[in-house]
Amino acid sequence: MEKYNHNKIEAKWQKKWLEEGLYKAGEDKKKEKFYILDMFPYPSGAGLHVGHPKGYIATDIFARMKTMQGYNVLHPMGWDAFGLPAENFAIKNKVHPRISTDENIATFKSQLRKLGFSYDWDREINTTDPKFYKWTQWIFLQLFKKGLAYESHEPINWCPSCKTGLANEDLEDGKCERCGSEIEQRPMRQWVLKITDYADRMLNDLEKLSDWDNSIKEMQKNWIGRSKGARVKFKIKNLKGGNEEIEVFTTRPDTLFGATYFVVSPEHGLIERNKSEIKNYKEVREYIEKAKKKTELERTDLAKEKTGVKIDGLVAINPVNKKEIPIFIADYVMMHYGTGAIMAVPAHDERDWEFAQKYNLPIQQVVTPNKKEREETIKALRCLKNLKKKADDKEINFWLLGGLAAAFYVGVIWRKHNDLDLIIKDNDKYDDFLKIIENEGYKKIKDKKTEDGFISSVYKNKDGVEIDIGPYLGISDLRDKDFEEDIKELEGVESHVLSCDFIKKIKDKQAKSRALKKDFLDKKYLDGYVFADNGIAVNSGFLDDLITFEAKKEMIKWLEENNLGKKDINYKLKDWVFSRQRYWGEPIPLIHCDNCGVVAVPEKDLPVELPEVEHYEPTGTGESPLASIEDWVNTTCPNCGELAKRETNTMPQWAGSSWYYLRFIDPSNDTALVDKQKEKYWSPVDFYVGGAEHATRHLIYARFWHKFLFDIGVVNYNEPFKRLQHVGIILAEDGRKMSKRWGNVINPDDIVDKYGADSMRVYEMFMGPFSQSTIWNTNGLVGARKFLDKILNLSLNIVTEKKDNQEIVSLLHKTIKKVGEDIEDFKLNTAVSSMMILVNKIAEQKEKSISKANFKLFLKILSPFTPHLAEELWEKLGNKNSIFKTKWPEYNSNLTKDKTAEFVVQVNGKLRDRLELPVEIDEKNAKEEVLKSEKIKDWLKNKEIVRFIFVPGKLINIVIKDA
RNA sequence: GCUGCGGUGGCGGAACUGGUAGACGCGUUGGACUUAAAAUCCAAUUCCUUUAAACUGGAGUGGGAGUUCGAUUCUCCCCCGCAGCACCA
């Protein structure tokens with residue numbers, strides 16, 4: 001028997017593919033394109049471990065299948081090579097980062113080559129290549145010209161160990177993501193990109209990205225963190241009667257009447273401006289100093305007791321009732337969210353409440369969940385009858401809007417294909433309504449989740465007509481930020497007052513619902529404790545008796561009319577701090593001129609190349625090492641020609657990766673970032689695969705830049721990545737992340753050497769669901785190898801002229817179908833398993849062989865997984881051309897259908913027998929057959945058959961009872 | 001705390017729109033081959049009951065309820081794990 005010499009086979013084909021240029025992407029416009037992309041790696045000095053290629057293997061399989069299916073596939077690879085590790089290595093070893101980076105790239109590339117990937121290496125890019133970063137700088141200049149890059153001196157995150165400023169996205173738990181040092185806040189000159197201008201669009205467009213992993217979309221949503229609310233101006237009065245105005249942001253303008261004190265964060269400018277008027281300035285100053293020393297982590301520790309100092313000598317005026325309220329300085333208010341100042345409403349905010357308890361401040365309740373008020377406002381609630389046609393299905397909706405004071409309960413009932421002539425006048429008739437439905441012959445068949453996530457019940461009558469009944473908006477919905485839109489939908493519909501108590505209904509239905517327990521049944525909320533949810537306004541002048549949602553609207557209206565505030569949206573997302581005080585990054589292409597201010601480097605002078613330096617060490621002064629290179633820094637102003645200085649800050653590592661995918665389309669273009677026609681053909685990326693750790697960094701930044709490039713007409717589509725799939729990491733055998741630190745790294749080179757690249761490819765795909773993290777197990781890898789051995793053995797038994805067993809042929813075609821579908825869905829583990837089943841079945845046969853024609857079909861579906869082995873066996877069968885130039889097989893749908901099937905026979909739902917029957921058998925014949933079964937006869941002795949359930953092609957269930 | 005995802009044999013995991021739970025792989029046990037071991041091949045492998053063996057029966061997808069002829073799948077409550085965010089006003 002010939003031995004499977006993977007080393008020989010793999011080297012042979014890798015060489016051949018390269019020589020033949022098999023994987024060059026063409027510009028054949030007649031073919032449909034497919035752009036499949038991996039997140040390009042940072043070529044670290046450690047090289048790859050076995051976890052890294054997982055995603056690359058998967059995209060390679062996908063790309064190979066797409067190519068065979070006739071697509072023009074773009075599947076490139078490159079290097080995200082700017083960054084701190086190379087620079088730190090340079091500092092330590094006095095080697096230019098260029099050199100170590102190039103070495104690392106060479107290592108990475110050879111490691112990837114060994115795995116047999118189908119990358120088009122002619123399109124390789126490297127973010128540190130001046131020809132590449134020329135265009136990174138170019139994009140920055142466009143941002144600058146559009147006013148989206150601005151200079152700021154605000155305090156920012158500063159890493160004392162890396163000696164550079166950092167963006168919010170570069171922090172992890174308040175620490176530097178790279179080195180783990182505690183972050184300080186440090187005011188310094190910096191360049192900032194106005195990403196917040198795009199926040200709304202980035203948030204809204206997430207909904208269009210239907211082929212993105214949900215988890216990543218959620219993370220981005222949270223990161224952008226939009227909250228709707230209002231800005232409110234508070235007058236600040238000092239002892240001398242002097243005035244100034246400070247704005248606060250609040251999501252609860254309806255609680256303004258309950259604002260009993262005012263808080264500014266320690267960094268707020270108010271203190272210094274009124275220094276002389278503050279009687280206890282010394283005490284205040286001490287507090288500020290203390291707060292400064294605290295790390296971000298200490299300050300945001302939730303378990304910590306709140307502290308603060310009252311500012312003696314200043315008071316704020318609550319604009320709505322003109323009351324004077326005390327001002328505090330407290331570090332539970334953060335300078336970086338909202339305006340750095342808040343109105344404190346202790347009755348309805350847990351933090352304010354805690355603080356008020358400690359410092360004995362007045363607590364004024366202005367929202368109530370109480371039953372009494374609730375009943376009063378019930379008057380305001382409407383019961384709506386809405387006949388709304390849904391275009392698609394002729395559905396008719398009945399809206400029931402009733403409610404609790406603090407919650408609406410809306411029932412939506414619709415009926416398909418038939419007009420339902422019921423008018424619900426009052427919603428205490430809800431039970432009656434259900435009775436009507438039941439009297440009409442409807443029976444509840446199941447509960448289901450609506451698109452909005454609520455539960456509705458499906459009722460069905462004898463004719464198969466289905467109606468859905470259920471809460472459309474549940475209790476929690478008043479808290480929903482988008483409630484407004486839902487209400488709008490209901491407006492303009494005939495309504496009338498109702499007089500029901502829905503609590504009982506809901507108690508019955510959702511007795512244990514957490515929302516109810518917390519908001520309405522829990523006594524503590526009824527006794528004036530913190531009630532942070534929505535309810536009814538009380539003690540609030542013109543807002544009294546309004547529900548929160550309406551009260552907010554009214555208050556905003558009032559604020560705007562009196563010029564005391566306005567509707568506002570606040571984002572958690574902050575502008576992108578874009579400058580780094582380090583060497584190994586793209587120089588920011590700006591010039592500082594005494595006469596003209598900040599001037600852009602003319603585009604014809606790009607790229608501004610990184611100069612050679614002797615010392616890479618960061619200076620720590622807020623200037624990068626570039627600042628000391630005089631003949632580089634000193635230049636002339638392109639505007640006035642006078643002497644001027646270059647900007648010495650460099651860009652963050654995320655700059656190049658924010659647009660690199662566009663460059664693959666046209667990697668060597670000197671005159672444009674990307675050729676318009678080519679961009680139009682290839683863009684957007686159809687499928688993007690990479691780690692979830694990039695959800696709130698790279699993927700946010702890239703979407704921002706892409707939208708900007710769309711706005712200035714460089715790209716034709718407003719989202720960069722159509723489908724996104726995240727790859728689950730591979731953990732070491734000890735369950736930890738693979739890392740030098742733990743000494744548990746497995747090098748793919750060793751695995752490839754010992755078991756072969758194909759084995760590794762199959763194993764990594766077989767391990768488990770692609771997006772899930774799994775633990776590496778070398779034994780499992782042996783299993784994959786055995787599978788390949790079996791295939792090789794099988795190939796030795798090929799019979800040219802042979803009529804294969806019908807069963808095998810049918811299974812083969814089922815497998816072709818499944819493998820194709822699974823690859824498309826990225827269910828690569830089950831694709832592998834289905835091929836294993838096929839191979840096992842063939843080997844189980846007496847003759848252990850298969851015809852040449854059918855084996856060829858199998859090789860084709862196998863080939864994306866094990867390109868080397870497949871190509872070798874393909875050649876052995878006498879084929880001259882590469883298997884990857886052949887067409888992906890089509891399955892014969894007649895062959896995937898079985899003629900007979902094993903029917904499961906149940907009695908009262910319990911499995912009692914199995915019968916081989918024709919698939920197409922009808923209920924009557926099936927019943928006859930089943931009743932012949934001895935086993936079943938036994939079970940039916942002395943019983944009466946109540947029901948006979950028949951599922952075509954699958955199952956028979958006999959429901960019996962005692963006769 | 002909030003948001004999202006998940007919980008199935010000894011392990012990784014499979015199961016279409018509710019219809020045979022445990023596919024496939026690993027591990028383990030027994031057997032074949034061998035002087036022996038490795039490799040390979042064959043068989044068994046959820047648990048309990050029963051048995052010489054088998055048949056048979058019962059339980060079983062984190063726990064508890066519910067809907068259904070039938071639930072890993074749908075609904076509600078609870079528990080646990082993972083990930084992200086977090087004094088977000």
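Proteins get letters first, then strands, A, B, ... in listed order; numbering begins at 1 in each.
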Check every atom of [options] against the side chain of [X] and return the nucleotide holding the closest atom.
X	options	result
Lys790(A)	C85(B), C41(B), G58(B)	C41(B)
Tyr337(A)	A59(B), C88(B), C87(B)	C88(B)
Glu218(A)	G13(B), A89(B), G4(B)	G4(B)
Met219(A)	G58(B), A83(B), A86(B)	A83(B)
Met334(A)	C87(B), C69(B), U3(B)	C87(B)
Tyr332(A)	C87(B), A83(B), G25(B)	C87(B)
Ile342(A)	A86(B), A89(B), C24(B)	A89(B)
Met836(A)	G13(B), G57(B), C24(B)	C24(B)
Ser215(A)	G12(B), G57(B), G4(B)	G4(B)

Next on the checklist: Has Lys927(A) got a side-chain atom pairing as donor or acceptor with Phe948(A)'s backbone, closer than 3.5 angstrom?
Outcome noted: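 Side chain of Lys927(A) to backbone of Phe948(A), a donor-acceptor pair under 3.5 Å: no, none is there.
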Next on the checklist: Has Asp170(A) got a side-chain atom pairing as donor or acceptor with Ala167(A)'s backbone, closer than 3.5 angstrom?
Outcome noted: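 Looks like yes, one N/O pair under 3.5 Å.
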Tell me: [atom1] of [X] to [atom2] of [N], nearest whole Å?
X	N	atom1	atom2	result
Arg231(A)	C88(B)	CZ	C1'	14 Å
His726(A)	C82(B)	NE2	C1'	11 Å
Ile216(A)	G4(B)	CD1	C1'	12 Å
Gln772(A)	U8(B)	CD	P	10 Å
Ile949(A)	A71(B)	CD1	P	12 Å
Met835(A)	G25(B)	CE	C1'	14 Å
Met335(A)	A89(B)	CE	P	17 Å
Lys552(A)	A89(B)	NZ	P	10 Å

Phosphate contact ([N] OP1 or OP2) by [X] side-chain N/O below 4.0 Å:
X	N	result
Lys786(A)	C26(B)	yes
Asn777(A)	G12(B)	no
Arg351(A)	A89(B)	no
Ser227(A)	A89(B)	yes
Asn570(A)	A89(B)	no

In whole Å, what separates the [atom1] atom of [N] from that of [M]?
N	M	atom1	result
C82(B)	G30(B)	P	37 Å
C55(B)	A65(B)	C1'	37 Å
U46(B)	A52(B)	C1'	24 Å
G63(B)	U49(B)	C1'	25 Å
C11(B)	G18(B)	P	29 Å
G70(B)	A14(B)	P	28 Å
G22(B)	U73(B)	C1'	15 Å
G66(B)	U17(B)	P	27 Å

Using a 4.0 Å heavy-atom cut-off, does [X] contact any base of the nucleic acid, only the sugar-phosphate backbone, or nothing at all?
X	result
Asn840(A)	sugar-phosphate
Arg785(A)	nothing
Trp212(A)	nothing
Lys217(A)	nothing
Ile837(A)	sugar-phosphate
Val333(A)	base

Next on the checklist: Between Asp898(A) and Lys814(A), does any NZ, NE, NH1 or NH2 come within less than 4.0 Å of an OD or OE carboxylate oxygen?
Outcome noted: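 Asp898(A) and Lys814(A): salt-bridged.
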Checklist entry - Is Glu354(A) paired with Arg351(A) through a side-chain N to carboxylate O contact shorter than 4.0 Å? => result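 No, this pair does not count.
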Next on the checklist: Taking the nucleotide of RNA chain B with the nearest heavy atom to each, does Leu911(A) or Asp789(A) sit closer to the 5' end?
Outcome noted: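 Taking each residue's closest nucleotide, the earlier one in sequence belongs to Leu911(A).
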Item to check | Pairwise 5' ranking along RNA chain B for Asn957(A) and Lys954(A), keeping only the more 5' one | outcome: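 Of the two residues, Lys954(A) wins.
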Item to check | Syn or anti for G27(B) (syn when the glycosidic angle lies within 90° of 0) | outcome: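 That one's anti.
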Could you tell me how the ring of [X] sits relative to the ring of [Y]: parallel (under 30°), tilted (30 to 60°) or perpendicular (over 60°)?
X	Y	value
Tyr763(A)	Trp776(A)	perpendicular
Phe262(A)	Phe234(A)	tilted
His6(A)	Tyr4(A)	perpendicular

Item to check | Evaluation steps, side chain to side chain contact (heavy atoms under 4.5 Å, CB included), between Asp213(A) and Gln725(A) | outcome: CA-CA 6 Å; Asp213(A) 254 17; Gln725(A) 179 67 243; 3.7 Å; yes
Checklist entry - Between the base of G19(B) and the side chain of Gln906(A), is there a donor-acceptor distance below 3.5 Å? => result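 Per atom types, the contact qualifies.
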Next on the checklist: Is it the case that C87(B) (base atoms only) and Lys306(A) (side chain only) share a donor and an acceptor within less than 3.5 Å, ignoring hydrogens and angles?
Outcome noted: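 Looking at the base of C87(B), it does pair with a donor or acceptor on the side chain of Lys306(A) (distance under 3.5 Å).
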Item to check | Watson-Crick or G-U pairs under 3.5 Å in RNA chain B, rendered as dot-bracket with [ ] for crossing pairs and | for another strand | outcome: (((((((..(((......[....)))((((((.......))))))(((........)))..(((((..]....))))))))))))....
Checklist entry - Could you give the distance from CZ (Arg785(A)) to OG (Ser759(A)), rounded to the nearest 0.5 Å? => result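 Here the rounded value is 5.0 Å.
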Checklist entry - Sequence neighbours excluded, which residues qualify as ring-ring contact (aromatic ring centres under 6.0 Å, His included) partners of Tyr337(A)? => result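 Scan of Tyr337(A) (ring-ring contact (aromatic ring centres under 6.0 Å, His included), adjacent residues dropped) gives none.
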Item to check | Residue pairs involving residues 822-831 of chain A (criterion side chain to side chain donor-acceptor pair (under 3.5 Å); sequence neighbours excluded) | outcome: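 Qualifying pairs: Lys66(A)-Glu824(A), Lys818(A)-Asp822(A), Asp822(A)-Thr830(A).
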